Amino acid sequence: MKFKVILGDITKVTCDAIANAANTTLLGGGGVDGAIHRAAGPELLSECRTLGGCRTGEAKITNGYRLPVKYVIHTPGPVWRGGSHQEEQQLKNCYENCLKLAAEHGCKSIAFPSISTGIYGFPLEKAAPIAVHTIRSFLKEHPEIEKVQMVCFDEITKKYYENALDG
Ligand code: ADP
């Protein structure tokens with residue numbers, strides 16, 4: 001299958017690009033962002049410093065350095081503020097803009113973490129179907145992308161994405 005949900009650590013995934021649930025400074029943070037920076041090494045932060053930050057829902061690409069990927073695509077997800085501040089649209093934009101950048105850079109495979117559902121508090125039951133629908137419709141239009149993996153860090157998160165994928 002082209003689109004898979006797996007349990008794991010995204011810093012260990014080998015593919016063309018991984019997405020990073022970054023913050024708008026792009027200067028590193030906690031959670032998956034911290035793990036990606038630690039695994040990639042200090043060159044990643046040096047490149048991120050040249051980018052001038054990134055708006056919520058947009059995406060910027062860097063090299064992967066010591067990670068087993070060519071590129072890291074950084075996207076600041078929305079902070080959940082009750083749902084009436086365009087959080088759902090912004091989350092959709094994150095997935096779409098990462099996929100667009102990946103395709104523009106000739107990537108055939110990309111892995112995503114569960115954007116915004118950690119520190120940013122986006123409810124998983126809403127985030128998972130948004131991610132799945134956005135990725136699915138992009139794949140329909142872009143046959144050049146051969147593989148997309150949702151890399152879930154815990155079983156509960158994985159269950160939500162599997163349910164969204166089956167539903
Ligand atoms: P956000 O600020 O966008 O909510 P977080 O990093 O806090 O981002 O969390 C996003 C998701 O990434 C959470 O499900 C968290 O458990 C998960 N996560 C944390 N570390 C890793 C990792 N190394 N690989 C994959 N997912 C991770």
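Remember, it's a predicted structure, so these values are computed and weren't measured experimentally. Order of appearance sets the numbers: ligands from 1, and atoms from 1 within every ligand.
The CD atom of Glu104 sits 8.5 Å away from the CD1 atom of Ile61 when rounded to the nearest 0.5 Å.
No more than 12 heavy atoms of other residues, nucleotides or ligands sit less than 6.0 Å from atom NZ of Lys108.
Ion pair Lys158/Glu162 flagged as a salt bridge, since at least one NZ, NE, NH1 or NH2 atom sits closer than 4.0 Å to an Asp/Glu carboxylate oxygen. Looking at Glu43 and Arg66, a side-chain N of the basic residue comes within less than 4.0 Å of a carboxylate O on the acidic one, giving a salt bridge.
Shown here for Gly121 and Trp80, the closest heavy-atom pair between the two residues is O-CB, 3.3 Å.
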Check ligand 1 for close polar pairs with the protein: N or O on both sides, less than 3.5 Å.
unit_1: ligand 1; atom_1: 3 (O); unit_2: Ser116; atom_2: N; d: 2.8
unit_1: ligand 1; atom_1: 4 (O); unit_2: Ser116; atom_2: O; d: 3.4
unit_1: ligand 1; atom_1: 4 (O); unit_2: Gly118; atom_2: N; d: 2.8
unit_1: ligand 1; atom_1: 4 (O); unit_2: Ile119; atom_2: N; d: 3.2
unit_1: ligand 1; atom_1: 4 (O); unit_2: Tyr120; atom_2: N; d: 3.0
unit_1: ligand 1; atom_1: 6 (O); unit_2: Val32; atom_2: N; d: 2.8
unit_1: ligand 1; atom_1: 7 (O); unit_2: Ile119; atom_2: N; d: 2.8
unit_1: ligand 1; atom_1: 23 (N); unit_2: Asp9; atom_2: OD1; d: 2.9
unit_1: ligand 1; atom_1: 24 (N); unit_2: Ile10; atom_2: N; d: 2.9

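Donor-acceptor pairing under 3.5 Å is recorded for the side chains of Ser114 and Tyr161.
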